[in-house]
Amino acid sequence: MSTSKPASPLISGGDLMTIPNLLSFARIGGVTLTVALYLAGHRWLAVAIGIVAGMTDFLDGYMARRLQQETALGAMLDQAADSFTTAILLAMLVVVGGAPFAFLVIFLLREFWVATIRRYGAAAGIEIPSSSLGKLATAVIYLGILAAAVAVLPELSSQLAAALHWTALAGLGVGLALSCATAWRYTRALAVAPV
């Protein structure tokens with residue numbers, strides 16, 4: 001009878017409970033709460049919580065480097081939280097803020113493609129890390145979403161609301177263009193990677 005040691009789990013509770021990973025989970029929860037409050041009519045509170053939740057996108061990476069808690073799991077969780085955050089906020093803005101449905105479709109197609117090539121790369125043993133251009137794209141999209149959310153607050157003057165609306169559309173368009181450019185760069189990185 002052989003006595004082999006039981007295999008250790010691939011993910012432990014300690015992996016999930018690092019400060020950077022908890023911040024990524026907080027972003028997902030905060031954005032979910034933001035949308036619920038916004039749709040329930042508590043728009044100023046929703047915008048405030050959304051700003052705090054969005055700031056965790058930059059804070060989790062900073063804390064991971066500062067605390068030396070950078071892990072593959074943390075990077076993937078950060079990417080998933082970014083995708084969830086942007087998708088749910090864009091969907092909300094399509095419903096209540098007049099954002100073009102095409103923006104949501106473009107974003108989702110880009111996310112599905114990047115997830116596919118990252119998974120394909122991982123199966124081949126090739127890691128495709130996030131890029132600074134991708135982080136810039138996310139930041140610009142977040143700013144566009146913020147401007148769009150504020151633009152439909154009932155207390156704003158019609159001139160300010162219109163200016164914010166067009167600023168939001170421009171920001172979302174630029175952010176999505178940058179995001180698609182990063183998807184192309186990730187695809188090229190995989191295409192030229194040695195097998």
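Numbers for residues simply follow the sequence, beginning at 1.
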**Q** Does one hydrophobic cluster hold both Phe25 and Val35, with members joined at side-chain heavy-atom distances below 4.5 Å?
**A** no

**Q** Would you find a donor on one side and an acceptor on the other, under 3.5 Å apart, between the side chain of Tyr38 and the backbone of Ala149?
**A**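 Such a contact is found between Tyr38 side chain and Ala149 backbone.
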
**Q** Give a yes or no on whether Met63 and Met55 share a hydrophobic cluster (residues Ile, Leu, Val, Met, Phe, Trp, Tyr; joining criterion: side-chain heavy atoms under 4.5 Å apart).
**A**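 No, because Met63 and Met55 fall into different hydrophobic clusters, even though each may have its own neighbours under 4.5 Å.
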
**Q** Around atom CZ of Phe101, are there more than 12 heavy atoms of other residues, nucleotides or ligands at under 6.0 Å?
**A** no

**Q** Any side-chain to backbone donor/acceptor pair from Thr138 onto Gly134? Under 3.5 Å, distance only.
**A** yes

**Q** What heavy-atom pair brings Ile117 and Ala183 nearest, and what distance separates the two atoms?
**A**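 The answer is CD1-O, 4.2 Å.
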
**Q** Tell me whether Val105 shares a hydrophobic cluster with Phe107, the cluster being built from Ile, Leu, Val, Met, Phe, Trp, Tyr side chains joined at under 4.5 Å.
**A**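 As far as the 4.5 Å side-chain criterion goes, Phe107 and Val105 are connected within one cluster.
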
**Q** Pick out which of Ile51, Val47, Ile49 makes a side chain to side chain contact (heavy atoms under 4.5 Å, CB included) with Thr34.
**A**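 Checked Ile51, Val47, Ile49 against Thr34; only one passes side chain to side chain contact (heavy atoms under 4.5 Å, CB included): Ile49.
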
**Q** So Lys135 and Asp78, salt bridge (Lys or Arg N to Asp or Glu O under 4.0 Å) or not? Walk me through it.
**A** CA-CA 11 Å; Lys135 284 293 182 187; Asp78 179 50; 2.7 Å; yes

**Q** To the nearest 0.5 Å, what is the distance between CE on Met17 and CD on Gln69?
**A**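 Here the interatomic distance stands at 12.0 Å.
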
**Q** Side-chain polar contacts of residues 84-98 - donor-acceptor pairs under 3.5 angstrom, sequence neighbours left out - could you list them?
**A**
unit_1 : atom_1 : unit_2 : atom_2 : d
Thr85  : OG1    : Ala81  : O      : 2.7
Thr86  : OG1    : Asp82  : O      : 3.0

**Q** From Ile126 CD1 over to Arg118 CZ, what is the distance, rounded to the nearest 0.5 angstrom?
**A** 13.5 Å

**Q** Enumerate donor-acceptor pairs with a distance under 3.5 Å from any side-chain N or O in residues 151-167 to protein atoms, sequence neighbours excluded.
**A**
unit_1 : atom_1 : unit_2 : atom_2 : d
Glu155 : OE1    : Trp44  : NE1    : 3.0
Ser157 : OG     : Leu160 : N      : 3.2
Thr167 : OG1    : Ala163 : O      : 2.8

**Q** Which heavy atom in Ala46 sits nearest to a heavy atom in Leu37, and how many Å separate them?
**A** CB-CB, 3.9 Å

**Q** Looking at every heavy atom in both Asp60 and Asp57, which two are closest together, and how far apart are they?
**A**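 Smallest heavy-atom distance, with atoms named: OD1-O, 2.6 Å.
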
**Q** Name the atoms and distances for all side-chain donor-acceptor pairs under 3.5 Å in residues 169-182, with sequence neighbours left out.
**A**
unit_1 : atom_1 : unit_2 : atom_2 : d
Ser179 : OG     : Arg110 : NE     : 2.9
Thr182 : OG1    : Arg110 : NH2    : 2.5
Thr182 : OG1    : Ser179 : O      : 2.5

**Q** Taking the side chain as every heavy atom from C-beta outward, state whether Pro20 and Tyr62 have any atom pair closer than 4.5 Å.
**A** no

**Q** Are Leu23 and Phe58 connected in a single hydrophobic cluster, I mean Ile/Leu/Val/Met/Phe/Trp/Tyr linked by side-chain heavy atoms less than 4.5 Å apart?
**A**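 No, it is not one cluster - the side chains of Phe58 and Leu23 are not joined through contacts under 4.5 Å.
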
**Q** Are Tyr120 and Trp113 linked, directly or through other ILVMFWY residues, by side chains that come within less than 4.5 angstrom of each other?
**A** yes

**Q** Would you give the length of the straight line joining atom CG of Leu108 to atom CG of Leu104, rounded to the nearest 0.5 angstrom?
**A**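 Atom-to-atom, Leu108:CG and Leu104:CG are 4.5 Å apart.
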
**Q** Report the C-alpha distance between Leu67 and Thr18 in whole Å, list the side-chain angles of each, state the deciding distance to 0.1 Å, and finish with yes or no for side chain to side chain contact (heavy atoms under 4.5 Å, CB included).
**A** CA-CA 9 Å; Leu67 299 173; Thr18 64; over 6 Å; no

